[in-house]
Amino acid sequence: MTEMTKIETGATLMEVTAFLWAEADLLDRKDYDPWLALWDGQGTYVMPITEPGEALKSASGYAEALNLCYDGAKMRKDRVARFQAGFSISSAPPAQTVRTVSRIVIEAVEGELIHVRAAETVVEDKFGRQRLFAADMGYVLVSTADGLKIRDKVVRLLNSDGMLTSISYLF
Amino acid sequence: MSLDMPKFSDLDALYDEAEAKVATSMYEDPALFDAEMEKIFHKTWVWVAHESEFPDKGSFKLSHVGKEPVILVRDRKGAIHCMVNRCRHRAATVCEVKKGKTSSFQCPYHGWGYGLDGSLRALPYPEQYGDDFDKAQHGLLKLRTDSYAGMVFATFNDELEPLSDFLGPVKKWIDLFMKQGGGFPVKVLGEHQFKVPMNWKVQLENTTDAYHFPIVHKSFLQSLDGETEQVFSFLEHGRGFVEDLGNGHSVMVMMPELVDLDENLDAPIPERFSELAEELRGEGYPEDQVKKIVRAVGGAGFNLNLFPNVSFSLSFFRVLRPVTVEETEIRHIALGMEGGPAAANRMRLRLHEHFQGPMGFGSPDDAEVWERVQRGTKGGETLPILVNRGMVDEAEGADGPRGHISAETGMRAAYAMWKRMMSA
């Protein structure tokens with residue numbers, strides 16, 4: 001942030017916001033193949049278990065801890081395949097979701113890497129009951145010739161260390 | 001217990017032992033649930049913690065015995081105490097930190113202070129209670145505790161048999177299970193927690209239920225490499241069994257070759273562990289230790305279900321907590337090797353995440369079918385729930401009736417104990 005002018009920051013924020021909203025739209029529509037294509041293939045999708053309010057670490061900072069998920073490229077692909085194959089009773093059909101991503105903060109820009117924080121709220125509906133999730137997110141995005149890509153994504157549920165319920169979709 | 005609590009005199013109608021039929025109301029009668037909390041969870045040994053969760057003097061963790069919140073703590077000599085998390089003055093909880101270290105517990109309301117052994121140490125302005133106020137009579141309510149192989153149990157029942165007798169033949173299976181430390185002590189690495197709108201007995205039935213595995217967990221099996229998928233196709237192989245171990249406990253052997261992890265150490269290292277083995281060799285571990293650790297990483301080849309609230313499942317502990325008649329909290333506790341190689345513990349964490357917890361490839365499907373059971377019981381109230389599978393060729397095993405791997409022998413063991421405790 002410190003090395004950027006306000007104009008540059010504004011342009012980046014608009015670009016990042018559009019990207020995260022497009023991702024949120026894919027996830028709500030369970031359109032997972034284009035979601036997988038948003039990744040640059042090098043990083044990790046992590047849903048860590050921490051105390052509420054603890055500062056987020058980089059994705060690799062959770063390798064030695066128990067997480068809700070710690071997915072490299074292969075596990076992301078396997079997870080999506082599981083959702084799509086139709087043999088998982090919890091995700092066939094999955095809960096329907098409506099999510100909002102907001103409170104987007106660009107923390108730093110280092111060369112092609114953009115470090116972003118954001119908030120996400122998800123309401124799911126299944127069996128006539130609704131459940132609410134709130135999460136802090138941390139992204140490392142990569143600026144490429146083909147536009148932004150996701151390197152790492154950390155989603156920490158507000159009650160990640162509390163009593164959760166099973167989840168049949170992605171955050 | 002209040003005098004107007006129903007007696008449930010017709011226990012035979014709730015669980016028909018000869019026909020192995022369970023009445024639908026077993027999952028949905030709130031009065032029955034209250035009676036279970038009193039007659040089972042207040043009367044038997046209930047698992048509360050693993051010793052590695054509060055290893056040092058002054059370390060503590062919160063837990064539950066049935067519906068009652070308790071604190072597990074080690075005093076200055078390392079002795080374990082379990083006490084109800086409720087100030088003796090006006091009932092406020094004295095601790096709301098899930099785990100940590102302390103030298104005392106102080107009630108936030110009026111400042112009554114308790115020692116690590118639960119004794120009342122001090123209270124502000126005591127003179128208003130008069131000279132005959134006896135602090136010794138106002139300590140935190142203590143439970144009896146005992147441990148086996150690091151597993152800590154507590155009970156409100158001072159008359160109950162010793163833990164060792166309660167476990168009986170379960171102990172040798174616990175010893176086998178703990179071999180997955182690979183030569184290191186077993187340590188808790190973390191836990192997944194999720195609640196399911198179901199009666200607690202729906203979960204109790206599940207840990208020694210092999211019958212559901214290829215159906216509910218097909219999507220997990222599909223995510224495995226061919227060799228590992230074969231390991232998990234235990235129903236198809238049919239080489240295992242389920243055995244009633246007495247007192248409601250049961251064991252389900254899925255992979256006989258992985259029952260004793262100290263045996264077959266010369267078997268070839270499975271493909272999925274070859275990278276880990278290479279890493280350990282690179283770190284200088286001798287070949288015999290590499291084989292022992294790698295063999296331990298995948299866990300034991302059996303599930304051990306203890307009545308009423310804990311099980312040892314392949315490579316983790318499963319703990320259930322009844323919340324209401326139609327809500328149950330589940331914990332899946334990940335285990336690792338204390339002081340063992342980081343690479344091995346990392347692999348155990350990734351294996352745990354693969355199947356367990358709210359985002360696992362297995363647990364969400366379990367949770368879904370359990371909820372479907374609870375939803376299904378709203379219809380056909382008079383229809384029984386069948387747990388008679390495998391009675392046709394059940395025979396005497398080493399410690400009790402033994403059935404086919406897909407037999408519901410473990411459920412029958414649990415319900416027989418349920419009935420024994422409810423009729424006491």
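The chains referred to below are lettered A, B, ... by the order of the sequence lines, with proteins before strands, and numbering in each begins at 1. When reading the values below, keep in mind they use all heavy atoms of this one structure, side chains included, and skip hydrogens, waters and symmetry mates.
With a threshold of 4.5 angstrom between heavy atoms, B:R348 does not approach chain A through any atom at all. Looking at A:S168, there are no atoms closer than 4.5 Å to chain B (heavy atoms on both sides), in backbone or side chain. Interface residue A:M47: only side-chain heavy atoms are found under 4.5 Å from chain B. Of the two parts of A:D71, neither the backbone nor the side chain holds a non-hydrogen atom closer than 4.5 Å to a non-hydrogen atom of chain B. Heavy-atom distances place both the backbone and the side chain of B:H354 under 4.5 Å from chain A. Residue contact with chain A, scored on non-hydrogen atoms closer than 4.5 Å, involves the side chain of B:A367 exclusively. Of the atoms belonging to A:I49, it is side-chain heavy atoms, and not backbone ones, that fall under 4.5 Å from chain B. Looking at A:Y169, the atoms closer than 4.5 Å to chain B (heavy atoms on both sides) all sit in the backbone: N, CA, C or O. Contacts of A:R79 with chain B are made by both backbone and side-chain atoms, with heavy-atom separations under 4.5 Å. The part of A:A85 that comes within reach of chain B is its side chain, from C-beta onward, which places non-hydrogen atoms under 4.5 angstrom from that chain. For B:N345, no part lies under 4.5 angstrom from a heavy atom of chain A. Of the two parts of B:H192, the backbone and the side chain both hold a non-hydrogen atom closer than 4.5 Å to a non-hydrogen atom of chain A. Contacts between A:A65 and chain B at a heavy-atom distance below 4.5 Å involve the backbone alone (N, CA, C, O). At a 4.5 Å heavy-atom cutoff, the contact between B:E371 and chain A is made by side-chain atoms alone. Only the side chain of B:E368 comes within less than 4.5 Å of a heavy atom of chain A; its backbone N, CA, C and O stay farther away.
The pair A:R117-A:E107 meets the salt-bridge criterion, since a charged nitrogen lies less than 4.0 angstrom from a carboxylate oxygen. The residues A:R99 and A:D28 are annotated as salt-bridged, a charged nitrogen and a carboxylate oxygen being separated by less than 4.0 angstrom.
A donor-acceptor distance shorter than 3.5 angstrom exists from the side chain of B:S223 to the backbone of B:F220, with no hydrogens or angles considered.
For the residue pair A:D125 and A:Q96, no side-chain donor N or O sits within less than 3.5 Å of a side-chain acceptor on the partner. Residues B:T93 and B:E96 have side chains that bring a donor and an acceptor to within less than 3.5 angstrom of each other. Side-chain contact check for B:S313 and B:N303: at least one donor-acceptor pair (N or O, by modelled atom type) lies under 3.5 Å.
In this structure the side chain of B:L224 never reaches within 4.5 angstrom of the side chain of B:F361, judged on heavy atoms.
By the 6.0 Å and 45° rule, B:K61 does not stack over the aromatic ring of B:F54.
With sequence neighbours left out, A:W39 forms a ring-ring contact (aromatic ring centres under 6.0 Å, His included) with A:W35.
From A:L36, atom CG reaches atom NZ of A:K77 across 8.5 Å, with rounding to the nearest 0.5 Å.
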